[in-house]
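Every number for a ligand or one of its atoms is a count from 1 in the order of the listing.
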Amino acid sequence: MTSDVLIIGGGIIGLACGVELRLRGANVTVLCRDFTAAASHAAAGMLAPDAENIPNEAMLALCRRSRNLYLDWTQKLAELTTGKDLNNTGYWSCGILAPVYQQPKDTGDKTAYWLDQDAINQYQPGLGADVVGGWWYPEDGQVDNRALIKVLRTAADSLGVVFQDGITVEAISQQQGKVIGVQTNTGLFRADHYLLTAGAWVNQLLPLPVRPRKGQMLSLRVPDFLTELPLTRVLFGENIYIVPRRNRSIIIGATNEDVEFTADNTPGGIQNLLQSAIRLYPQLENYPIQELWWGFRPATPDELPILGHSDCDNLTFATGHHRNGILLAPITATLIADLICEQKADPLLANFHYSRFSTVSSTTIPMLIHATPATNGHRNPEISDLIIPDSPLVIAGKSFKSRLMTGTGKYRHIQEMQQSVTASGCQIVTVAVRRVQTNAPGHEGLAEALDWSKIWMLPNTAGCQTAEEAIRVARLGREMAKLLGQEDNNFVKLEVIPDAKYLLPDPIGTLQAAEQLVKEGFAVLPYINADPMLAKRLEEVGCATVMPLAAPIGSGQGLKTTANIQIIIENAKIPVVVDAGIGAPSEAAEAMELGADALLINSAIALAENAPAMAYAMNLATVAGRMAYLAGRMPMKNYASASSPLTGTITG
Ligand code: GLY
């Protein structure tokens, strides 16, 4: 089935984007695995940019813009669904009261009004006796998120958005920097453009750092004997909020638990919520309990969403909205539709680009020499100003500053390996899954030996002689990365090497294994002989890089395959990583000067007399080679040409 835009994820973000894109003329299909599982159903529907005390300026601006769109947006949805049963979203600009138990310092927040104890009790009678005052956020409000998502679905249906529930996306197939289709349990779906809105489940498809953050919730019912609603504003306390609906439900939320996808409500979770809620508004103690539930917020490491372009021209991200998916739905839909339909990028989007999660350490630019300021008042440019800014190395959507990868094998002892990894400045370390499994020398204690929160593990299938073995070991590698806390790591360095003497990779087995692993959602980095045709085929089946060898593994013979590597670099649209055979920094620099995107060096470092010093030398050489490549070398000439030109000199 084909459409203009295929949206993967049928929660509020997917639906809001679907409706907006359709309104702008696109044919839209939304794929959804389980409509009821989306965090959108679990939320309380607070629209609380001010009360949530969002510390990040760009996020605060985004949230406020979205809240300010809410009235028009919900009215538009009501118009789109006029005459339908479900056209009331319960949007209510009711304001939010944030009672406190201790006198606060002035926050300087101009959107909040301080109410002392008397004033807050006038605003809201019946608060806990130990409430000393509170903040009033008049511009915040709420929406009935469950009603809203039903209205959105009705609107989507009436506009002709195709909504397919019960579809599991198994892999997003990419070729040459483009998505070419998504594989699902019911077949292949294709579109001109793809939008990924899969919330807490997104990293099952692509290595985005989004993890589930469980929230438990419950609702009470206003007892029938009360004729008027006792609460008409959201109460926002410490780790608790109470959201009164006009339909007499009162929503109480929410825990914030890092427990993966562990289902169910727990006594501890519900007890905490009830205790805090009753302290804030004691008469809730006697209200009937209506419902208990839980859901999974999609949380990123910085708790900001991931919005905007991906590495593929035709794939856009809108995910990771954490606590603010309901609030951010209208602005997300607007900005994403601007981006997809009009190629218009709102300046705010730059703050939410996925590339901000490139890993921490970087290849250092060695010894920046600062030029002395000139005396004529003009500032001399510093050397650092003259350096050509480099883009990060991007592999399967993940960014790295360092272009040198290393390994863990062949070191004399573990400290030497640790020091060398640090000195190399590398951010990717390859690990032989089989050797870890069999506790081969140098592979014990690897989990503790390196800081896997900073180093990205590249599991490799070394020791596999056939495609089948390599596929099996790749799957084990993915589990190994998960155990190290890299939930979103789907990388595998694919090695299929039948012969033990020359250790040359089997091109046919490598291609077969790569095809299968790409289908299974792996980011495949195949180790190959420097064969340009094979490199092209691997790129076509969706590999994330190609890794041609410079010379046989561990031989330290240097660049023996220069001509072929040059052809591979010229033709590749994916990163080319020169792997194996480099023996000295001069060869590392030479490979980078040719235009390789990165290098993988293990033996030349581990077997050097002083491994950490050699690791540092390789670090410098990689940076130097890259800089030289960006700077553009002078053309070679057959004859000498004087360094000081003769024009203008006095002769005779
Ligand atoms: N927006 C509130 C929460 O996620 O708990």
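Closest protein heavy atom to atom 1 (N) of ligand 1: Arg323 O, 2.7 Å. Atom 5 (O) of ligand 1 has as its closest protein heavy atom Tyr241 OH, 2.5 Å.
At a 4.0 Å cut-off, at least one heavy atom of Glu52 sits close enough to ligand 1 to count as contact.
Heavy-atom minimum distance, Ile251 versus Met217: CG2-CE, 3.6 Å.
Electrostatic pairing of Arg475 and Glu479 does not count as a salt bridge here, judged by no charged N lying under 4.0 Å from a carboxylate O. Under 4.0 Å is where a charged nitrogen must lie from a carboxylate oxygen, and between Arg146 and Glu291 at least one such pair does.
Residue Ala254 approaches ligand 1 through these ligand atoms, each under 4.0 Å from one of its heavy atoms: 5 (O). Set against the non-hydrogen atoms of Arg297, the atoms of ligand 1 under 4.0 Å away are 3 (C), 4 (O), 5 (O).
Checked against salt bridge (Lys or Arg N to Asp or Glu O under 4.0 Å), Asp130 has the following partners two or more places apart in sequence or in another chain: Arg279. By the ring-ring contact (aromatic ring centres under 6.0 Å, His included) test, Phe491 pairs with Trp456, sequence neighbours left out.
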